[in-house]
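Worksheet for the structure shown next.
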Amino acid sequence: LGPTQLVAKLATKACKPNGVRRVLDHEVKAFIGDLPLKDMPQVGHAMAAKLQERGLEVCSDVQALEKNRLREWFGVKGETLWLNAQGLDQESSLVPAQRKSVSAEMNWGIRCQD
């Protein structure tokens with residue numbers, strides 16, 4: 001359990017297979033700061049290698065940097081990584097998608113019998 005979807009996912013992953021972990025608002029930075037960057041969403045082998053080249057191995061390393069620095073180095077992925085290291089979900093995932101269609105079902109109460 002956590003204040004954002006990302007924190008809740010990481011807390012659940014940290015307590016597998018049978019545990020439950022609750023991360024409160026004031027604990028988020030410390031909890032995420034100890035996690036290796038390779039465990040973060042959207043960080044694969046290639047990105048992990050690039051981060052390691054720059055001396056970034058755990059989330060606290062990213063927390064100490066400015067968002068613009070990561071954006072310079074890694075583009076949009078760098079900005080996303082910085083947000084994730086802060087325990088923030090991307091704003092776009094919090095906005096509900098615009099409804100494009102509406103449907104309805106009617107049940108007339110008719111039953112087919114053999």
Side-chain angles (χ1 to χ4, degrees):
L1 302 172
T4 64
Q5 185 177 0
L6 172 72
V7 174
K9 179 180 176 180
L10 293 171
T12 301
K13 188 177 177 181
C15 291
K16 284 191 175 188
N18 297 325
V20 175
R21 168 99 192 251
R22 183 175 187 170
V23 180
L24 302 174
D25 286 336
H26 65 279
E27 300 172 328
V28 170
K29 277 203 171 188
F31 169 71
I32 291 182
D34 295 335
L35 295 176
L37 288 170
K38 63 184 174 85
D39 291 348
M40 297 299 284
Q42 300 182 356
V43 177
H45 297 293
M47 182 67 160
K50 290 176 186 178
L51 290 165
Q52 221 169 14
E53 287 174 10
R54 300 218 182 241
L56 306 171
E57 297 194 13
V58 292
C59 288
S60 60
D61 297 336
V62 172
Q63 290 172 348
L65 294 173
E66 293 181 19
K67 180 170 41 171
N68 292 336
R69 176 62 51 114
L70 282 169
R71 188 169 177 93
E72 284 175 26
W73 291 344
F74 305 111
V76 176
K77 267 195 147 183
E79 188 171 339
T80 301
L81 179 62
W82 186 87
L83 288 169
N84 288 347
Q86 308 302 320
L88 303 172
D89 287 327
Q90 284 192 296
E91 295 171 314
S92 61
S93 65
L94 302 177
V95 177
Q98 184 178 10
R99 184 175 293 172
K100 296 183 180 182
S101 65
V102 177
S103 65
E105 279 188 38
M106 295 181 80
N107 184 344
W108 296 97
I110 300 172
R111 305 270 186 232
C112 296
Q113 296 181 3
D114 291 333

Minimal non-hydrogen separation, A11 against V23, with atom names
CB-CG2, 3.9 Å
Would you compute the distance between atom NZ of K29 and atom OG of S60 and round it to the nearest 0.5 angstrom?
11.0 Å
Please say whether more than 12 non-hydrogen atoms of neighbouring residues, nucleotides or ligands are located less than 6.0 Å from CZ in R69.
no
Rounded to the nearest 0.5 Å, how far does CG of N68 lie from CH2 of W82?
9.0 Å
Does a side-chain heavy-atom distance below 4.5 Å link L65 with L56?
yes
Looking at side-chain heavy atoms only, is the closest gap between C59 and L37 below 4.5 Å?
yes
Could you check if a side-chain atom of D61 sits within less than 4.5 angstrom of a side-chain atom of V58, using non-hydrogen atoms only?
yes
dist T4:OG1 -> L83:CG (nearest 0.5 Å) comes out at 11.0 Å
Working to the nearest 0.5 angstrom, can you tell me the gap between M47 CE and K38 NZ?
15.5 Å
Got a donor-acceptor contact below 3.5 angstrom from the Q63 side chain to the A85 backbone?
yes
Option from E72, E79, Q86 for which side-chain contact (heavy atoms from CB on, under 4.5 Å) with K67 holds
E79
Distance-only, no hydrogens or angles: does the W73 side chain make a donor-acceptor pair with backbone N or O of K50 under 3.5 Å?
no
Rounded to the nearest 0.5 Å, how far apart are CG of L70 and OG1 of T80?
10.5 Å
Given the rule in the side-chain contact (heavy atoms from CB on, under 4.5 Å) test, do L51 and L81 qualify, once you have shown the distances and angles that lead to the verdict?
CA-CA 11 Å; L51 290 165; L81 179 62; 3.7 Å; yes
Give, for atom CG of L10 and atom CE of M40, the distance between the pair rounded to the nearest 0.5 Å.
5.5 Å
Minimum heavy-atom separation for P41 and L6, please, with both atom names.
CG-CD1, 3.5 Å
